[in-house]
Each structure stands twice: as structure tokens, then as C-alpha cells.
Amino acid sequence: MQFGILVNEGPYTHQASDTAYLFARTAIEKGHKVPRVFFYHDGVNNSTRLATPPQDDRNVSARWSKLAADHGVDLVVCVAAAQRRGISDDILAPGYRISGLGQLVEMGIQYDRLVTFGD
Amino acid sequence: MSDMDEMDDGSGIIKKFMFLNRKAPHGTVYALEGLEVVLITAAFDQDVSLVFTDDGVFQLMKGIDTKGIEVKDFSKTYRALEGYDIEKLYVDQASMDARGLTEDDLIVDVTVLSVDEMANLMAEQDVVISF
């Protein structure tokens, strides 16, 4: 099955991004496809490469990047939400790209399921 | 918004999208940014329904004035939805009752649904996105 994932909250304050990541990783491990993850609202804050969390904690941004590198997951950050919050191309972590909301709607149209993680 | 009129994912597929608006119009950004997704989805010629439930019913209240909190008032957008062929607007009866609201308090025409009717409507959808 193809899953689209929508992440609506930023890292650390909310568990949404962690749960979305674990869901995506597990779905892939079980043989499903996660072609794309879309970051919206404060979810765009997951995409920055500037975060330096303590060594004994997970790095939310970086583990999404690794999932993208290992499994070809397309990490899409909403441009309008990103511009509001000061996220731009020059601070994106590897694997993320900035694009429009149409990329979210496409997930709903083309994939078997669209799963939202957020408040 | 004319740049959104021609959007197409190329598949020709039309799915039933429901947007579940659960939060007050101000206090958080969900209502404002959620509305953006609604408009884009309509631009993709999808079958769009909007549901207002819980504090989301406040999004449609008449007389919203945001001057005092110095944020953008986007409530006029709900009245413009018709222009995007978004005509299926539903509100949850229990949420209205709990907040002392009736249809006369709202800026647009809506269909008021019971919990059971709402559940049936949700079950018919292909995609439900909650803001």
C-alpha cells in the first residue's frame, strides 16, 4: 500500500513528527511504500539543518533525512508555511525540498492512504 | 488566485476530500492555513466537503473583528468559497448547541448534521484531513 504522510507539528514540542517517522519507517519495513511526506503548519520546522539537539537525544530532522536517503522518501516542505516561519532553501537538511500545497493534494489523490500527524 | 485554476495532477481522478475544521479561527494558525489547503484542493477539481465541529464552528461566526488582536481577518474567505465551487459546508449540531449557536449566527449557508449523519458522511470520503 502507498501511504502519504502529513506532519503538522514542529519537532520536540510535539510528538507528531516522531510518531509520523516511526509510522513511516515501520510501514516501509513491512513492505509498504511511503513515496512522500508533506510538512505543513509548524511541521516545516522539522526541515532545518541548523538544529543541534543534545547527543543523547534523537535528531528529528536528521533521521527524516536518513529515511529519505535510504528509501527515496520525498520530504516536501510547504512554501507558504515555510516563508512565514523563516525556513528557506539555504537552511534545509538533506532530502528536503520546498514546494507548494499541490504536493499535499496529490498525495490524497494518488496514494491509497493519507495519514495526518498533528494536534 | 487565477494561477490555481488550472491545476491538475494528470490522473483525472476525482476523490472525495473532507476537511474537518475543529479549532477556533484565532489563537492558533490551523484555521487560516487549513483554508489554504481547501482552496488548492478545489483548484485540483476534487470533490470537497467542509465540516465545522468543536470550536471550529466559531470560524463561521458573524461579526468577527480581529482589530484588537492585530491578526489578519480571513473570515470573508468562507463567503468566497462558492466561487471555488465549494458548496458542501456542514456543521455539527452538538457543537453548535454546546456553544449556544444557531444557523442565524453564521456567515454562510450550512447543513447542520447530527453525529450519526456526520459519521455516515465521513464514511463516504476517500480522504479526511483534519485541522
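Just so it is clear, the values below take in all heavy atoms, side chains as well, and ignore hydrogens, waters and symmetry mates. Reminder, nothing fancy here: chain letters follow the sequence lines and each chain counts from 1.
Counting heavy atoms of neighbouring residues, nucleotides and ligands inside a 6.0 Å radius, atom CD of Q15(A) does not exceed 12 of them. Dense packing is recorded around CD of E87(B), with more than 12 heavy atoms of other residues, nucleotides or ligands lying under 6.0 Å away. Taking a 6.0 Å sphere around CG of D109(B), one finds it holds 12 or fewer heavy atoms contributed by other residues, nucleotides or ligands.
With F19(B) as the partner, the side-chain contact (heavy atoms from CB on, under 4.5 Å) test is satisfied by one option alone out of T41(B), V51(B), V127(B): T41(B).
Inter-residue side-chain proximity for L35(B) and Y78(B) is flagged as met; some heavy-atom pair is nearer than 4.5 Å. Contact check for D73(B) versus K67(B): no side-chain heavy atoms found under the 4.5 Å cut-off. Counting only heavy atoms from C-beta outward, the side chains of I5(A) and F23(A) approach each other to under 4.5 Å. Using a 4.5 Å cut-off on side-chain heavy atoms (C-beta onward), Y40(A) and V44(A) make no contact.
Listed by sequence position, K23(B), V29(B), Y30(B), L32(B), E33(B), G34(B) are the residues of residues 23-34 of chain B in contact with chain A, using a 4.5 angstrom heavy-atom cutoff. Heavy-atom neighbours of chain A within the stretch residues 93-107 of chain B, taken at a separation under 4.5 angstrom, are nonexistent. Heavy-atom neighbours of chain B within the stretch residues 84-119 of chain A, taken at a separation under 4.5 angstrom, comprise R84(A), R85(A), L101(A), G102(A), L104(A), V105(A), E106(A), G108(A), I109(A), Q110(A), Y111(A), L114(A), T116(A), D119(A). Of all residues in residues 56-65 of chain B, none places a non-hydrogen atom less than 4.5 angstrom from a non-hydrogen atom of chain A.
A donor-acceptor contact shorter than 3.5 Å links the side chain of S114(B) to the backbone of E117(B).
Taken to the nearest 0.5 Å, the CD atom of Q46(B) stands 8.5 Å off from the NZ atom of K15(B). A distance of 8.5 Å separates CZ of R36(A) from CZ of F38(A), quoted to the nearest 0.5 Å. The NE2 atom of H14(A) sits 7.5 Å away from atom CG of D42(A), with the distance rounded to the nearest 0.5 Å. Rounded to the nearest 0.5 Å, atoms CZ (R63(A)) and CG (L22(A)) are 5.5 Å apart.
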Please test N46(A) against S17(A) for side chain to side chain donor-acceptor pair (under 3.5 Å), starting from the C-alpha separation and ending with a verdict.
-> CA-CA 8 Å; N46(A) 288 285; S17(A) 183; 2.8 Å; yes

Could you walk me through whether R49(A) and S61(A) pass the side chain to side chain donor-acceptor pair (under 3.5 Å) check?
-> CA-CA 7 Å; R49(A) 62 176 167 78; S61(A) 172; over 6 Å; no

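Across S47(A) and V77(A), no two heavy atoms sit closer than the pair CB-CG2, 3.5 Å.
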